[in-house]
Structure formats: structure tokens, C-alpha cells
Amino acid sequence: MTEIRLRFAPSPTGSLHIGSVRTTLYNYFFARQNGGQLVLRIEDTDQGRFDPRALDTIYDGLHWMGIRWDEGPREGGAFGPYVQSERLPLYQRHAEALVNDAAAYHCFCTKERLAAVRSEQAARGEITRYDRHCRSIPASEARERAAREKHVVRLKVPDDGEVAIDDLVYGHVSWPLRAIEDQVLLKSDGFPTYQLAVVIDDHEMRISHVFRGEDWLPSTPKHLLVYRAFGWEVPPHAHLPNVLGPDGRKLAKRHGATAVSEFHDEGYLPEALVNFLALIGWSPGSEDEIFTMQDLVERWRIDHVQRAGGKWDRDRLDWFDGIHIRRLEPDELVARLGPFVPKEWDRGLLRAVVPFIQERMRTL
RNA sequence: GGCCCGUUCGUCUAGCGGCCCAGGACACCGCCCUCUCAAGGCGGAGACCACCGGUUCGAAUCCGGUACGGGCUACCA
């Protein structure tokens, strides 16, 4: 049996979103219950959006939640580096290999031309996609121009046929190839696009199961095509339903708190947040609902994952928080209360009073 | 516009052909406990299982269509 290895890759944009934490949790449950390895990977291929504080934020948030992993930027590991911007030569080499195999090609179109093509297509009511302008440039000429002209590398997508996946959550899903354009694999700044980097990294890092948010499902055919181009085996995939805002749309800033640090600051217990989040999109199939991290590692099952997205509900989180506060030993509660109580307050008195307030607390 | 996904109480969900004229939990309401507020206990209200057809002796559960919602459609991830 091949080794179980899962990875998670919260976007390094400066705050740790609870939606990606929920996804991380599911990766964690599955890896741990199968005695597998967990990898943290930083996907910073978009230089424009990268926030240098992100690594601290991710480490602090995940650690606070009680999530531990085996390989990552700071713990190292046999398949590093774990930061994509440090793996550039790897992606470039693979992209070149694809060009040499005639599975990909150099494209010299400017952003302006691309935008013009798109707006013309839109005006005519057509599907907006790359018109394959550079696909027919002879290989030798393309290679020569590539040596001195700014360019990207695009994947040659077959004209017809289809790609399909048997998703662990959504079942059999297929896409007609005609709906997919010749994807950019390598950007003109030498960075890979996400579509290229994930496939290479998941393969190189020997990831056995890909668990990621539902919003990635539509781009899965692009990844499948890249796997196919390299001749690599596609690992089992599971797309996980999104955590939604109260209005049913993707959870975003306008919905209020979305970062784990905010819940920490508002006095929520990580145990409560874990319990609450785990139950959005998954249920044990029974009527139990109070779970510790350990319970979840034992009981979580992929086949009980919901397909529909779940809305965020503050009242329910508050209730879970009260439950977990009451489960704490008084001394432990005093310790947790520490940062939320003025320094000059007498700790002995606090300890004496805790048993009386513990019964009625909602948050710290 | 195109592609893909989804749809059970306000919310999180159970349900995977008969046990369901649909169960639990949060929130809400009432009662009990109680010096107060909570917590806890008990009870209540709340879902024509989106809609329309089909398959079947029998469908929330299987199939098709429609509607609505969402996601993706970038040299973002």
C-alpha cells in the first residue's frame, strides 16, 4: 500500500481564513486516522498578492487550532523546499519538457492582444477563450523567439474528447474538452501558474490524496490535462463543500470575522472552533455533535461529507464555545482567561471565582 | 453567455427504497429549577423533503427535465 500523504496550502495573503482551516482540518483528520503524513505547502506563485507576514499568520493560526504537521517550510522534510517560489527551476524544467514533447508551446501574445481578442469574442456573443494564435508557430521559430522575447508557455489542449474524474465526494464528473482553453502553464515572469505548480508539486511530493475546496472543482479538468501531458497517475481527489456566509455566498470579509485570529481575539476556544467547523460539511451520521480533535480524527469519514455548501452560523459557534468552556478544568480555564483579564487582577481570586462563572460563559 | 456543482425546519444536519404524514442540534417560545442572570431538565412551534414528470407494489431516497442558488470562466489562488 502506498504511503498516505496529504497536503494543505492556505493562501498566503496575510490572514488565515476559516474556510481554508475547515479544509485543512479534513486533510488533518484523514491523514492522522490513516497514520499518514501531512505537508504544509506555501503557494506563493502570485507575486502581486503575496504577503510576507503570511507564514507567521498561518503557523500561529494552525498551531492555535491544535493542528500539527510533518513537513513544511519550517520543519523541512525530504521533498522540500515547501515554498513554491523556491522551486522555480523545477517548474521551468517541466514546462520545457512539455514544450519539447509538443504538448505545450510558447506564446508571445501581449496582454493587450489577449484582452482585445476577448472583447471581440464577447461582442460577438462567443465563448471568450484564447484563440490559439501562437499554437501554429513552427517549433524552431518559437524556440528562437523564446530566447529573446517575452513569452508564456501554454498547454496544447486537444480539440475534442473529454476528461473526467471520480471525485470522492461529488462522484463522477466530466467536462467536454472544447470548453477548455489552452491554459497558461508558465507566466512571463518565469513563475508557474497554480495549475502547473499544483500538479508538479503533488506529484513530486508524493501526495496520495488531494482534498481541497469545492471552488477548485471547475479547474480540475485543467489539472487532469496536465497530469495527462506528463503521463502521471492522478491521485484520488475529494472536493469539499465551501463554508458560506449567511447569505449563501462564499465567506468573505463583508460577512464579518473570517480570520482565525479574530476568533482567538474574541475569546473563542480553539476546541469550539474545531468542533463547529468540522460539522459544517460533515456529520457523524449519528446524533452526536460534541467532539474533540481526537474524536474527530477517529470518527471523520469522507463518505459522510456533504456536497452542498454550509452557511456560517454565529449562534451555533457560541453554543459550542459554551459547551467547551464548561468541559475545561477550572485551573485550565483560569490559564485560558489570562490574556483577557487585566494584569492587576488577583489570580487567586480569579481562581476562586471561576467555578461560579464557568457555568454561564459563552466566550472568554 | 459557456462549463461545473448544489437544493431536507430560519441555520448546521440525520436519512443512502418501506423503520419518515421526516429525527437531532442551534436560535425562538413556554414550564420546572432558582434571590437574579445563566447553565441544566422538560415541552412547544418550525420542513407540503425546490418544482414537474418517470421508474417501482412503495421515493426525501433512483432517473429525466425545469426553476432557483452558487462556483469557475485571468500571465489570481
Side-chain angles (χ1 to χ4, degrees), chain A residues 9-13 17 20 42-50 84 107-111 114-115 118 121-130 150-154 162-165 167 169-171 173-181 183-198 212-222 239 241-250 275-290 303-304 306-323 325-326 356-362:
Chain A
S11 33
T13 51
H17 189 99
S20 64
I42 302 300
E43 304 189 329
D44 58 344
T45 56
D46 184 358
Q47 292 186 296
R49 295 207 314 175
F50 180 68
Q84 291 184 328
C107 169
F108 307 94
C109 294
T110 61
K111 288 190 179 179
L114 260 21
R118 250 193 298 274
Q121 290 169 329
R124 275 179 268 133
E126 293 171 9
I127 300 171
T128 56
R129 38 125 75 130
Y130 180 56
K150 214 164 191 238
H151 63 278
V152 301
V153 172
R154 285 182 185 272
E162 66 165 40
V163 274
I165 193 164
D167 189 89
V169 171
Y170 289 91
V173 184
S174 65
W175 297 263
L177 285 183
R178 43 173 303 116
I180 300 162
E181 71 172 358
Q183 267 302 302
V184 171
L185 262 21
L186 203 63
K187 309 180 206 176
S188 57
D189 62 1
F191 274 66
T193 57
Y194 174 82
Q195 329 293 356
L196 208 224
V198 242
R212 64 184 10 163
E214 172 198 354
D215 36 346
W216 287 111
L217 190 54
S219 42
T220 301
K222 298 173 187 172
H239 286 89
N242 283 145
V243 176
L244 274 18
D247 60 356
R249 309 190 60 163
K250 264 174 77 170
N275 195 159
F276 168 72
L277 250 19
L279 257 22
I280 295 180
W282 173 83
S283 85
S286 69
E287 284 169 0
D288 303 331
E289 52 187 355
I290 308 303
D303 57 347
H304 267 80
Q306 193 88 8
R307 275 184 283 268
K311 298 190 185 78
W312 164 265
D313 181 21
R314 170 78 66 160
D315 283 332
R316 201 164 147 80
L317 204 216
D318 286 347
W319 177 74
F320 275 114
D321 206 47
I323 295 285
I325 284 176
R326 261 154 247 128
F356 300 100
I357 58 167
Q358 183 166 16
E359 291 308 312
R360 62 188 64 203
M361 293 172 70
R362 278 314 249 195

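Bear in mind that the values here come from a model prediction, so they are computed numbers and not experimental data. Residue numbers start from 1 in every chain, and the chains themselves are labelled A, B, ... in the order their sequence lines are given, proteins ahead of strands.
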Between the main-chain N or O of [Y] and the side-chain N or O of [X], is there a donor-acceptor pair closer than 3.5 Å?
X        : Y        : value
A/Arg326 : A/Met361 : yes
A/Ser20  : A/Pro10  : no
A/Asn242 : A/Gly213 : no
A/Asp167 : A/His239 : yes
A/Thr220 : A/Trp216 : yes
A/Arg307 : A/Pro241 : no

Pick the [atom1] atom in [N] and in [M], then give their distance to the nearest Å.
N     : M     : atom1 : value
B/C33 : B/G24 : C1'   : 25 Å
B/G18 : B/U56 : C1'   : 12 Å
B/A22 : B/G71 : P     : 34 Å
B/C29 : B/A50 : C1'   : 29 Å
B/G64 : B/A59 : C1'   : 15 Å
B/C72 : B/U61 : C1'   : 30 Å
B/C28 : B/C9  : C1'   : 12 Å
B/C52 : B/A60 : C1'   : 16 Å

Would you mind pulling out the nucleotide paired to [N], Watson-Crick or G-U wobble, both distances under 3.5 Å?
N     : answer
B/U61 : none
B/C76 : none
B/C48 : none
B/C35 : none
B/C42 : B/G30
B/C68 : B/G6
B/U56 : none

Below 4.0 Å: OP1/OP2 of B/A14 and any side-chain N or O of A/Gln306
yes

Is any side-chain N or O of A/Arg307 closer than 4.0 Å to OP1 or OP2 of B/C5?
no

Between [X] and [Y], what is the shortest heavy-atom contact and its length?
X        : Y        : result
A/Glu43  : A/Tyr194 : OE1-CE1, 2.9 Å
A/Thr45  : A/Pro192 : CB-O, 3.4 Å
A/Ser219 : A/Gln195 : CB-OE1, 4.1 Å

For RNA chain B, whose closest nucleotide is more 5', that of A/Val173 or that of A/Met361?
A/Val173

Pick the closest RNA chain B nucleotide for A/Arg326 and for A/Pro284 by heavy atoms, then say which residue is nearer the 5' end.
A/Pro284

If you check every side-chain atom of A/Ile323, which of B/G15, B/G40, B/C4 has the closest atom?
B/G40

Which nucleotide in the set B/A14, B/G15, B/C5 lies at the smallest distance from any side-chain heavy atom of A/His304?
B/G15

What is the separation between atom [atom1] on [X] and atom [atom2] on [N], rounded to the nearest whole Å?
X        : N     : atom1 : atom2 : value
A/Ile325 : B/G40 : CD1   : C1'   : 16 Å
A/Lys311 : B/U13 : NZ    : P     : 9 Å
A/His239 : B/C4  : NE2   : C1'   : 11 Å
A/Ile127 : B/C4  : CD1   : P     : 11 Å
A/Leu279 : B/A14 : CG    : C1'   : 11 Å

In B/S/- notation, 5' to 3', how is nucleotides 59-77 of chain B contacted by protein heavy atoms closer than 4.0 Å?
-----------SBS-SBBB

Treating primed atoms plus P, OP1 and OP2 as sugar-phosphate and everything else as base, which nucleotides of nucleotides 20-30 of chain B get B, S or - for protein heavy atoms under 4.0 Å?
---SSBSS---

How long is the span from the CG atom in A/Leu279 to the CD atom in A/Glu289, to the nearest 0.5 Å?
6.5 Å

Please work out if [X] contacts a base, only the sugar-phosphate, or nothing of the nucleic acid, heavy-atom cut-off 4.0 Å.
X        : value
A/His17  : nothing
A/Gly281 : sugar-phosphate
A/Ser174 : sugar-phosphate

side-chain contact (heavy atoms from CB on, under 4.5 Å) between A/Phe276 and A/Asp321: does it pass, once the steps are laid out?
CA-CA 9 Å; A/Phe276 168 72; A/Asp321 206 47; over 6 Å; no

Would you be so kind as to tabulate the donor-acceptor pairs closer than 3.5 Å made by side chains of residues 173-181 of chain A, with sequence neighbours excluded?
from, atom 1, to, atom 2, distance (Å)
A/Glu181, OE1, A/Tyr130, N, 2.6

